[in-house]
Asks: 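Supplied in C-alpha cells, the structure appears directly below.
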Amino acid sequence: MNNKAKFNLYEKLLREWSNKMNLIAPSTIENIQERHFADSAQLADIMPRDVNVIDLGSGAGFPGVVLAILGWNVVCIESIGKKASFLEEVKKQLNLDNLTIYNGRVEVFIPTLPRDKKNIIFTARAFAPLIKILDYVAKTKCRLFLLKGREVLNEISVAKQKYKFDYDLIPSKTGDGYILIIQNSR
C-alpha cells in the first residue's frame, strides 16, 4: 500500500471512529487532510531522518502516525485506552511495523528510555503547555519538535522562568500556529 492509500485509509478510520469517540473536533472532520495530516507532515520537512520519534499524548495520532506513514520509527504514547485502541487499529490496518503504541502515561514511559538518547526526538500536538512538556522531558536532553498555537510566545516565557533552553520558531504552513524546536534544555 503506498502512502496516498495509507492516508486515505487513515482518514476513513478517523471518520468511522470519530462517530464513536472524541478523536478530532467535529469542526475539522471535513478538512482532515489539511487540518491534521498536512499540519503534522510539515515536521517531515525539518526533522532529521536518522532519529526515533516519541509522540507525547498522541490522541488520534498527530503527528506520530503521520510521521510513521512518512517513514520514521515512532512510539505513540497515549494514556486513554480507547484512543490507544484506535491507534493499534490504525497500525494494523496500515501495516505500520515502524509504529509502536504505548498505552500509558508519559511520566511512566520516560524513565524506560535507554541511557543513550542522542537519536530520540519528542513531538507533540495539542498535548500540554510547554512548561508541562518540559517537566516530563527536560532531563532527557532530547530535542523537541512541537506543533504549537498562537500563544506559543506566552508558553515560552512561562517555561523560561523554570528552564533554560535554545529554541527556534517556524511559522506553520497550514495555519496561524508555529513549529517550536527546542534543544539544550536544562
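In this chain, numbering begins with 1 at the start of the sequence shown. Owing to the predicted nature of the structure, the values given are computational and were not obtained by experimental measurement.
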Asks: Heavy atoms only: give me the nearest Leu130-Lys148 pair and the separation to one decimal.
Replies: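 Result for this residue pair: N-NZ, 3.7 Å.
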Asks: Does Glu30 form a salt bridge (charged side-chain N to carboxylate O under 4.0 Å, His left out) with Arg15? I'd like the steps, not just the answer.
Replies: CA-CA 9 Å; Glu30 294 308 317; Arg15 288 175 183 276; 3.5 Å; yes
Asks: Which class fits the ring pair Tyr10 and Phe37: parallel under 30°, tilted 30 to 60°, perpendicular over 60°?
Replies: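 Plane angle under 30°, so parallel.
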Asks: Given the rule that I, L, V, M, F, W and Y join up when any side-chain heavy atoms are under 4.5 Å apart, are Leu146 and Tyr136 in one cluster?
Replies: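 Yes, same cluster.
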Asks: Evaluate the ring planes of Phe62 and His36, with Trp represented by its six-membered ring, and classify them as parallel (under 30°), tilted (30 to 60°) or perpendicular (over 60°).
Replies: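 It falls in the parallel class, under 30°.
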Asks: Taking it one step at a time, do Ile121 and Asn52 satisfy side-chain contact (heavy atoms from CB on, under 4.5 Å)?
Replies: CA-CA 6 Å; Ile121 282 179; Asn52 295 306; over 6 Å; no
Asks: Salt bridge check: are Lys173 and Asp45 linked by an N-O gap of less than 4.0 Å?
Replies: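 The answer is yes: the pair qualifies as a salt bridge.
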Asks: Before you tell me yes or no, could you show the steps for Lys12 and Glu16 under salt bridge (charged side-chain N to carboxylate O under 4.0 Å, His left out), namely the whole-Å CA-CA distance, both residues' side-chain angles and the distance that decides it to 0.1 Å?
Replies: CA-CA 6 Å; Lys12 179 179 177 268; Glu16 288 171 5; 3.0 Å; yes
Asks: How many angstroms lie between atom CG of Leu67 and atom SG of Cys76, to the nearest 0.5 angstrom?
Replies: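 One finds 8.5 Å between CG of Leu67 and SG of Cys76.
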Asks: Taking all non-hydrogen atoms of both residues into account, name the closest pair between Gly57 and Phe127 and its distance.
Replies: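 So the minimum-distance heavy-atom pair works out to CA-CD1, 3.4 Å.
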Asks: Applying the 4.5 Å side-chain criterion to the ILVMFWY set and letting contacts propagate, would Ile101 and Val108 be lumped into a single cluster?
Replies: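 No, Ile101 and Val108 fall in different hydrophobic clusters.
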Asks: Assess whether side-chain contact (heavy atoms from CB on, under 4.5 Å) is satisfied between Arg143 and Ile181, documenting all intermediate values.
Replies: CA-CA 7 Å; Arg143 288 177 288 172; Ile181 304 169; 5.5 Å; no
Asks: Just checking Lys160: does its NZ atom have more than 12 heavy atoms from other residues, nucleotides or ligands closer to it than 6.0 angstrom?
Replies: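 Yes, enclosed.
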Asks: Could you pull out the closest heavy-atom pair between Tyr167 and Ile156, with the gap in Å?
Replies: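 Nearest pair, atom of Tyr167 first, then Ile156: CE1-CD1, 3.6 Å.
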Asks: Kindly determine whether Lys91 and Asp97 satisfy salt bridge (charged side-chain N to carboxylate O under 4.0 Å, His left out), including the steps that lead there.
Replies: CA-CA 7 Å; Lys91 173 185 173 158; Asp97 294 334; over 6 Å; no
Asks: Should Ile32 and Leu96 be regarded as members of a common hydrophobic cluster, given that ILVMFWY residues are connected when their side-chain heavy atoms come within less than 4.5 Å of each other, either directly or indirectly?
Replies: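 Yes, same cluster.
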